[in-house]
There are 2 protein chains.
Amino acid sequence: MREPGVKVKDRILETASRLFYDQGYNQTGINQIIEEADIARASLYHHYPSKTDLLLAYLDRTHELWFKELEAFMLPIHGPKERLLALFDFRTKRQLRLKYKGCHFSKIVAEACEDEGVFDRVRAHKERFRQYIYDLVVQADHRKLLDNEMLTDTLFLLLEGGIALGAMYRGPDYAEKAKRIAMSFL
Amino acid sequence: MREPGVKVKDRILETASRLFYDQGYNQTGINQIIEEADIARASLYHHYPSKTDLLLAYLDRTHELWFKELEAFMLPIHGPKERLLALFDFRTKRQLRLKYKGCHFSKIVAEACEDEGVFDRVRAHKERFRQYIYDLVVQADHRKLLDNEMLTDTLFLLLEGGIALGAMYRGPDYAEKAKRIAMSFL
DNA sequence: AACCGAACAGACAAGTCTGTCTAGTCACTT
DNA sequence: AAGTGACTAGACAGACTTGTCTGTTCGGTT
């Protein structure tokens, strides 16, 4: 194998990811993935035995890319307080690029997929994000209006609320408001 | 007409509403609605010319019931501050009953329905809820850590974030945390 | 030279989807 | 008595769904 099976398998996952997010998982058919990825039907089922497997791979890939993007975004920003505020910018910027369709993970949960593997991945993603916030909070010498745990949850809730409302209003307004609110007790 | 066409039409909408929320709009077929509502196919299309019409009726009905329920919940609670905190209890209690499947409106938006009528209704619902919060905030003599607009947005964001996270974790934890956080600057 | 994994094209199964249409029943109104 | 609106049952169209299966090609390894 010249390139070890990478190209086709990746093209499948990239195409599926784009369609799952833009159109929704249930509204995306195998046929459309095959056509847009320009691969053969059997190739898809060779790499991903079922549509559910493809969904789980989508969640894993999104999780990885998400944190990779976050790390890259955080690189030039120094200081825990600055970084906490940058979290809002990160998500706002990302949502602008994604046309305010909301969080990948909450979207999948909202589609009423009862697969336990899906929930596990969604929870793992959010839990890791909360931990990321917490680690910054303990480093920051904030105003101590709230203890570390509570400040973490406040920021977490503001971030998630801002994205959720952004998806409904199709705009950055509430994510930006959330940031201004966060600034006032950091 | 003995009962003016009410029974069948309502049974359709009730059944559709339950299924749309529990299973998702796209995963609910006309056939299932017909079967579970125990009505004839032509009756459904007589009252709702298309599935989209049924969806819009579902959103309207949910909006109405939502605020009716809220009013009933608020009836025994006096004082604006108490009522602001009761908003958290209202949504937590409701989500418990709904098995933490999240906000009806954000769920529909997450299913990638591009109909403008859907967005209009979602925004109208959320806007009215924010206004409801605002009206209580101006009455409350809060600690003025934040001005009225900002306090409104904070509570709004905490509420929406709590429900969104509740749907992903399938539990009341973050909605309850959101309430405790709200108490600290009311 | 034989084999194998990865890719291709495309037919096929068995079921689902929304929406239309026919045909007929019943209760109420004019 | 004729007509109307709400309802029933169920056939039908045409498209789409996921997944299987056959058969072929090609590059690389043993």
Side-chain angles (χ1 to χ4, degrees), chain A residues 1-59 61 107-108 111-118, chain B residues 1-59 61 107-108 111-118:
Chain A
M1 194 87 10
R2 203 164 37 213
E3 288 156 297
V6 178
K7 269 171 111 174
V8 164
K9 190 170 182 178
D10 282 4
R11 219 158 66 225
I12 295 168
L13 189 50
E14 274 164 34
T15 306
S17 297
R18 176 173 52 82
L19 295 172
F20 286 171
Y21 182 70
D22 286 349
Q23 309 183 345
Y25 171 72
N26 287 308
Q27 284 195 294
T28 301
I30 295 289
N31 293 330
Q32 193 185 3
I33 298 170
I34 286 163
E35 201 175 320
E36 297 204 16
D38 196 33
I39 48 113
R41 186 169 206 78
S43 303
L44 190 148
Y45 281 101
H46 173 75
H47 292 293
Y48 303 99
S50 76
K51 200 186 168 186
T52 303
D53 289 275
L54 197 48
L55 171 59
L56 297 180
Y58 157 67
L59 292 175
R61 174 182 182 269
K107 246 172 90 81
I108 284 296
E111 286 206 48
C113 176
E114 291 305 321
D115 189 295
E116 258 317 308
V118 170
Chain B
M1 193 86 9
R2 204 165 35 216
E3 288 155 296
V6 178
K7 271 172 113 173
V8 165
K9 188 169 182 180
D10 282 3
R11 220 158 65 225
I12 295 169
L13 189 50
E14 274 163 35
T15 306
S17 297
R18 176 173 53 82
L19 294 173
F20 286 171
Y21 183 69
D22 286 348
Q23 310 183 344
Y25 171 72
N26 287 308
Q27 283 196 295
T28 301
I30 295 289
N31 292 330
Q32 194 184 2
I33 298 170
I34 286 164
E35 202 176 319
E36 298 203 16
D38 196 34
I39 49 113
R41 186 171 207 76
S43 302
L44 189 148
Y45 281 101
H46 174 74
H47 292 293
Y48 303 99
S50 77
K51 201 185 168 188
T52 303
D53 289 275
L54 197 47
L55 171 58
L56 298 180
Y58 157 67
L59 292 175
R61 174 182 182 269
K107 247 173 89 81
I108 283 297
E111 286 205 48
C113 176
E114 291 304 322
D115 189 295
E116 258 317 307
V118 170

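Chain A is the first sequence line, chain B the second, and so forth, proteins listed ahead of strands; every chain is numbered from 1. Any value given below was found using the heavy atoms of this structure, including those in side chains, with hydrogens, waters and symmetry copies removed.
- Distance check: B/Leu19 CG to B/Tyr58 OH gives 10.5 Å after rounding to the nearest 0.5 Å.
- Side-chain atoms of B/Lys107 come within 3.5 Å of backbone atoms of B/Tyr21 as a donor-acceptor pair (strictly under, hydrogens ignored).
- Few gaps surround CD on B/Glu14; more than 12 heavy atoms of other groups in view lie less than 6.0 Å from it.
- Residue A/Ser43 places none of its side-chain N or O atoms closer than 4.0 Å to OP1 or OP2 of C/dA7.
- Protein atom CD of A/Gln23 is 13 Å distant from nucleotide atom P of D/dC16, rounded to whole Å.
- Among the heavy atoms of the strands lying under 4.0 Å from B/Asp38 are primed sugar atoms or P, OP1, OP2 only; no base atom is included.
- Checking the phosphate oxygens (OP1, OP2) of C/dT18, no side-chain nitrogen or oxygen of B/Asn31 falls inside 4.0 Å.
- Toward the 5' end of DNA chain D, the nearer of the two residues A/Ala42 and A/Ile30, judged by each one's closest nucleotide, is A/Ile30.
- Among the atoms of the strands shown, none is found under 4.0 Å from any heavy atom of B/Thr52.
- Put simply, the side chain of B/Arg41 and the base of D/dG10 share no donor and acceptor less than 3.5 Å apart.
- One can place CD1 of A/Ile12 at 10 Å from C1' of C/dA7, the figure rounded to the nearest angstrom.
- In terms of phosphate contacts, A/His46 brings no side-chain nitrogen or oxygen within less than 4.0 Å of OP1 or OP2 of C/dC8.
- The side chain of A/Ala40 lies closest to C/dA9, out of D/dT8, C/dA9, D/dT18.
- Atom CD of B/Gln32 is surrounded by more than 12 heavy atoms from other residues, nucleotides or ligands within 6.0 Å.
- Rounded to whole angstrom, the span from the CG atom of B/Leu54 across to the P atom of C/dT18 amounts to 10 Å.
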